[in-house]
Structures are given as structure tokens and as C-alpha cells.
Amino acid sequence: MDKKLNANLLILAWFDHNKRILPWRNTKDPYKIWLSEIILQQTRVQQGIAYYERFISHFPILEMLARADENQVLKLWQGLGYYSRARNLHATAKYLYLHEDSIFPDNSQDLKKLKGIGDYTASAIASICYNEVTPALDGNMYRVFARYFGLYDDISEPATKKKFFALGKEIIDRERPGDFNQAVMDLGAMICTPQNYKCEACPLNESCFALQKNVQNKLPVKLKKITIKNRYLHFIYIHHQHLFLLMQRDDKDVWAKLFSLPKVESRKADDVPIFHRDYDDKCRFLYEETHLLSHQRLHIKFWELEVNEQSLSDLKAFWKAEIVSYQDLERYALPKPIEKFMDLRIFD
DNA sequence: GAGCCGTGGTA
DNA sequence: TTACCAAGGCT
């Protein structure tokens, strides 16, 4: 039997008996499928489930998400990372509500025009909700195909994406494209994992190139390495009793539009930060930590400055910040290091 | 199109 | 400790 047709049948048969039970698995509601796919971009299922439940609970239908405040959406997204996903999610909800009568496009080509929906997500939604025969090419599909067929193409190359997509189009089940896409993802997440792959339990283990040659750990090939840049950030907790300054971050840096403490950045690790020359001798160093992003290593120092009411007001104007109390934080999305810092502050 | 955008799990 | 990378997309 043709190896590609064989793979299709084996993967689907395996899926029918081994698929994961997930909150978005028993619906074809494009709103719910869309939400789940955005949440799961570059995110593990285990981490995404709680966020999915929370969003559905707050916004059962698209209209409610569309009418929400962006800061509320960001707050619900807090801790999940890649916050542009939340901003695009909200923008797309508003667009569909205001201009498309809350109706999603029913094909991948038009879905791709929406903010936050790229090739993968468009195919996932279209195949699951509308039975469009289009492969959802994600990290799992790259890995399963590369290993099963013995493809050594560098998956960070755009040309490889075209090749794998074309291959996926040949293999995908014509009758059950959505199930096929999800089957490959389950296989990649449960069996054909990057490490500790469980080939003995794999439905493809009688004809897998990587298993036969014992090169599972060589595939897929990914050559590009990301470079990590060091940054030295100083955050200052400027407060009068339990009132303190908080400010929204701009959209040209990490954690865009999230809320944070007044910040100064320095060139080197041991540079003394200059927050405000009238107050710098009163700033007290609290602690430091290293926070890792996908592409930056942030060396963060936290400082404290206790001031009177008038100074707090002056410094609020200086930083263009807001004066808030701890209870107000339920309305503001915070980056993880700031969230941790505020959790420590409450025990003052 | 290469670089950027988070957090957490794992080895 | 470091590196990889997870249901990618945007600029």
C-alpha cells in the first residue's frame, strides 16, 4: 500500500481510540475553536486549558469578547505570554462583531485575513469547523512527517514549509480533515514527542524511517538558533503607604500594553540606576532576579522609594503613571516578574 | 525574511 | 545552568 495512504489510515484509526479529551473537542463552534487555537499557539495544552475555560466562562459568545475592554482581555491572558495574541484576539472579535455580524469566514483563505490567524490557525479552524481539506502544519506535523518519511529539510526554511504543506495535502483524509489534523497533533504530543518518543506505542512503527534508522533524535532538522540578549532593568516601587505608581508599557517592547512599575534600563549589570535626581539617594534596593524570555535574559533589580502624598503626586506626573492600590491590580495585566513582586508586597 | 514576541516543562 | 521547544504570527 502507498506509504502516504497507509499513514492516513493508521493515524486516524489510532486517533479514534486514543484521542485526548479536551474542552474544545466536542464542538464545531468556530468561536470556540478559534479561541482554543489562539491560546494554543506555542503553548502546551496543559497550560492552555485553564485559560480556555476562563475565557469561555467570561465570554461565552463572541459578542461578549468584542464588547469587553482590552485591558480586561489582557488581564485574563496574564501569565500566558505572547500578549499580542490577546490583543489580536480582541481586535478580531471586535471586527467580526462590528462588520461581519459576528460570523466567521468559512474558509482558510478568508480566515487568514484576520489578525492573529496565520497559515496554521486558518487551516485548523477551516478543517475542524468546515471540513476544508487543508493540513494544519504545526510543530507536531513537521516532526511526524520528518521522522516518518525521513525528510532532512531544515524546517526553519520557508521552502520546507511549502514542501511539507504539499505533502500534508496528499496525506490528509478527504472525509475527515479536521480529525486528521488533530490526530497528527495528538500523535506528536503524546507519542512522537521531541524526546522520550514512544515508538513502541506508535501506529506508524512498522514503516517509520526514523525508527528503522534509529535517527529519531536527528529529526526534524532545525538549524536556526536564536540569540539571547542580556538586558538590565530596574523597577521601582514608589509608594505612599499602600498607594503606588503603576504605568502602562508602550507597544514597542516586551510586555506591550501590560502594566508595570516605573522602569529604568542600564547598560551594565552594576550600573546604579537614575530614577529621579531629587529622590535617588532615598531609593532602597530590595532584590534582584533573572527572568528568561524566549530571546532575552532580563536582569531585573527591584527598588523601593517611600514618599509623602505630595511627592507621590509629583512623581506620578513625572512618570506619567497612575496611582493605584493593591486591590486595583485585579484590573491590570502584569508581567510575570511584576506579578511576583506584587505578591510579595502584600505581606508588608 | 530575519528578528521579535512569554512562560513553563524537561533533560 | 543551559538549551530546547510547545496546536505560530507579525513586521
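Every value quoted in this text rests on a predicted model; they were computed, and no experiment measured them. Lettering follows sequence order; numbering is per chain, from 1.
- Applying the side-chain contact (heavy atoms from CB on, under 4.5 Å) rule to A:Arg284 yields the partners A:Leu286, A:Glu304; only residues at least two apart in sequence or on another chain are considered.
- Not counting sequence neighbours, the partners of A:Glu170 by the salt bridge (charged side-chain N to carboxylate O under 4.0 Å, His left out) test are A:Lys4.
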Which pairs, protein N/O on one side and nucleotides 8-11 of chain C N/O on the other, fall under 3.5 Å?
residue : atom : partner  : partner atom : Å
C:dG8   : OP1  : A:Gly139 : N            : 3.2
C:dG8   : OP2  : A:Gln42  : N            : 3.0
C:dG8   : OP2  : A:Gln42  : NE2          : 3.2
C:dG8   : O5'  : A:Gln42  : N            : 3.4
C:dG9   : OP1  : A:Gly118 : N            : 2.9
C:dG9   : OP1  : A:Thr121 : N            : 3.0
C:dG9   : OP1  : A:Thr121 : OG1          : 2.6
C:dG9   : OP2  : A:Asp119 : N            : 3.4
C:dG9   : OP2  : A:Tyr120 : N            : 3.2
C:dC10  : OP1  : A:Gly116 : N            : 2.7

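- Salt-bridge check for A:Glu265 with A:Arg231: passed, with a basic side-chain N closer than 4.0 Å to an acidic carboxylate O.
- With sequence neighbours excluded, the residues forming a side-chain contact (heavy atoms from CB on, under 4.5 Å) with A:Tyr51 are A:Ile39, A:Arg54, A:Leu80, listed by chain and number.
- Within the nucleic acid shown, A:Trp77 has no heavy atom closer than 4.0 Å to any nucleic acid atom.
- With a cutoff of under 4.0 Å to any heavy atom of chain A, the contacted region of DNA chain B is bounded 5' to 3' by B:dA2 to B:dA11.
- For DNA chain B, no neighbouring residue in residues 164-185 of chain A is found when judged by any heavy atom under 4.0 Å.
- Partners of A:Tyr142 according to the side chain to side chain donor-acceptor pair (under 3.5 Å) rule, which considers only residues two or more places apart in sequence or in another chain, do not exist here.
- Note on residues 72-88 of chain A: no pairs pass salt bridge (charged side-chain N to carboxylate O under 4.0 Å, His left out), not counting sequence neighbours.
- Taking the side chain as every heavy atom from C-beta outward, A:Phe104 and A:Tyr31 approach each other to under 4.5 Å.
- With sequence neighbours excluded, no residue satisfies ring pair (Phe, Tyr, Trp, His ring centres under 6.0 Å) with A:Tyr82.
- With sequence neighbours left out, A:Asn18 forms a side chain to side chain donor-acceptor pair (under 3.5 Å) with no residue at all.
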Restricting both atoms to N or O, compile the protein contacts to nucleotides 1-4 of chain C shorter than 3.5 Å, with distance only.
residue : atom : partner  : partner atom : Å
C:dC4   : OP1  : A:Lys225 : NZ           : 3.4

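- Hydrophobic side-chain contacts under 4.5 Å tie A:Ile274 to no other Ile, Leu, Val, Met, Phe, Trp or Tyr residue.
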